[in-house]
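One structure is given below, encoded as structure tokens.
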Amino acid sequence: MKLIIVNGPNLNLLGKREPEVYGNTTFEDYFTKLQFKYKQVQLEYFQSNIEGEIINKIQEVGYQYDGIILNAAAYTHTSIGIGDVVKAVEAPVVEVHISNTFKREDFRHQSFISAGAKGVILGFGLQSYDLAIQSFLG
Ligand code: DQA
């Protein structure tokens, strides 16, 4: 099973970015724990602050990998391009968010990703990624 976590803008700042919303752990530390926990999964991680790079990565892996775990961060609410590529590729995409976006500002209630996603997991902190992996393992 080959899965990739794709993180969008500002998620490279996890651990120091609004810790009251996103927690104190860096994504690199959390990712190491996930790799340890799911040794049977070939788990990769990609992060970019650039919309086109996220689209390129999803195109690149989207016909080869078994699944994509996507936190498009702020682009979730703005990017038709990322929404389109999620619909285009063969690999199922699980949309994740660390925070419960429905408890936050109205502009975070809209997602251009969800309509093309296999499912959506949000509001469980970093555990949202763990739950997304479990969804692929069945
Ligand atoms: C986020 C929620 C988005 O609204 C926000 O722009 C982010 C992170 C989350 O994981 O909770 O950057 O996707």
Side-chain angles (χ1 to χ4, degrees):
M1 165 87 51
K2 202 166 178 179
L3 301 177
I4 185 168
I5 294 172
V6 176
N7 271 348
N10 300 308
L11 293 173
N12 54 317
L13 296 179
L14 286 177
K16 49 188 173 196
R17 170 193 184 197
E18 297 179 87
E20 66 288 357
V21 179
Y22 299 111
N24 296 301
T25 310
T26 69
F27 197 79
E28 286 70 16
D29 283 349
Y30 186 68
F31 183 68
T32 304
K33 288 189 183 126
L34 287 177
Q35 282 181 308
F36 188 76
K37 181 170 176 186
Y38 295 104
K39 292 200 182 69
Q40 74 276 35
V41 178
Q42 269 181 273
L43 194 57
E44 280 180 32
Y45 169 52
F46 174 81
Q47 190 277 331
S48 176
N49 295 320
I50 299 168
E51 185 176 12
E53 286 185 359
I54 295 167
I55 294 170
N56 282 345
K57 178 53 77 174
I58 293 172
Q59 287 189 8
E60 181 192 316
V61 301
Y63 298 91
Q64 303 169 32
Y65 286 39
D66 299 300
I68 299 169
I69 295 165
L70 174 63
N71 186 348
Y75 289 140
T76 304
H77 319 299
T78 62
S79 178
I80 295 169
I82 297 177
D84 280 350
V85 77
V86 163
K87 288 183 183 145
V89 295
E90 285 169 1
V93 176
V94 172
E95 175 183 353
V96 304
H97 299 284
I98 298 164
S99 63
N100 180 349
T101 47
F102 292 102
K103 274 192 188 166
R104 302 179 64 193
E105 301 96 322
D106 286 353
F107 66 84
R108 296 186 203 276
H109 299 181
Q110 161 150 18
S111 167
F112 285 103
I113 314 297
S114 303
K118 182 180 179 196
V120 183
I121 299 169
L122 58 87
F124 294 93
L126 287 175
Q127 199 197 352
S128 295
Y129 293 92
D130 190 322
L131 295 169
I133 294 171
Q134 289 180 41
S135 78
F136 283 106
L137 298 178

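Excluded from the calculations below are hydrogen atoms, water molecules and symmetry mates; all remaining heavy atoms, backbone and side chain alike, are included. When a ligand or atom number is given, it counts from 1 through the structure's own listing order.
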For E95 and ligand 1, answer yes if some heavy atom of the residue is under 4.0 Å from a ligand atom, otherwise no.
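Distance cut 4.0 Å: E95 fails for ligand 1.
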Do any heavy atoms of T76 fall under 4.0 Å from ligand 1?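 Judged by the 4.0 Å heavy-atom criterion, T76 does not count as contacting ligand 1.
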Check L3 against Y65 and note the closest heavy-atom contact, atom names and distance.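 Nearest pair, atom of L3 first, then Y65: C-CD2, 4.1 Å.
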Shortest non-hydrogen separation from P9 to Q47 and the atoms involved
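Of all heavy-atom pairs spanning P9 and Q47, the closest is CA-NE2, 4.2 Å.
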Exercise for the section: Specify side chain, backbone, both or neither for H97, according to which of its non-hydrogen atoms lie closer than 4.0 Å to ligand 1. Expected result: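 Both the backbone and the side chain of H97 come within reach of ligand 1.
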May I ask you to identify, for E105, whether its side chain, its backbone, both or neither come under 4.0 Å of ligand 1 on a heavy-atom basis?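 The answer is neither.
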**Q.** Numbering as shown, the atoms of ligand 1 that approach A74 to under 4.0 Å (heavy-atom distance)
**A.**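 Those qualifying, in numeric order: 6 (O), 12 (O).
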In ligand 1, which numbered atoms sit nearer than 4.0 Å to a non-hydrogen atom of R17?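 Under 4.0 Å from R17, ligand 1 has these atoms: 7 (C), 12 (O).
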Sub-3.5 Å donor-acceptor pair from the side chain of [X] to the main-chain atoms of [Y], do we have one?
X: N49; Y: N10; result: yes
X: D66; Y: K2; result: yes
X: T26; Y: G15; result: no

Do me a favour and list the nearest non-hydrogen protein atom to [atom] with residue, atom name and distance?
atom: atom 11 (O) of ligand 1; result: S99 OG, 2.6 Å
atom: atom 8 (C) of ligand 1; result: Y22 OH, 3.5 Å
atom: atom 9 (C) of ligand 1; result: I98 N, 3.3 Å
atom: atom 2 (C) of ligand 1; result: T101 CG2, 3.7 Å
atom: atom 4 (O) of ligand 1; result: H77 NE2, 2.7 Å

query = Can you pull the side chain to side chain donor-acceptor pair (under 3.5 Å) pairs that have at least one residue in residues 73-83, sequence neighbours excluded?
reply =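 Qualifying pairs, neighbours excluded: E51-S79.
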Cation-pi check, K33 to F31: give yes when NZ or CZ is under 6.0 Å from the six-membered ring centre and within 45° of the ring axis, no otherwise.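 Not flagged: K33 not positioned over aromatic ring of F31.
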Exercise for review: Could you say whether the N/O atoms of R108 and ligand 1 ever approach to under 3.5 Å?
Suggested key: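 So ligand 1 has an N or O lying under 3.5 Å from an N or O of R108.
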So does F107 have more than 12 non-hydrogen atoms from other groups sitting under 6.0 Å from CZ?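 Buried by this count: over 12 neighbours within 6.0 Å.
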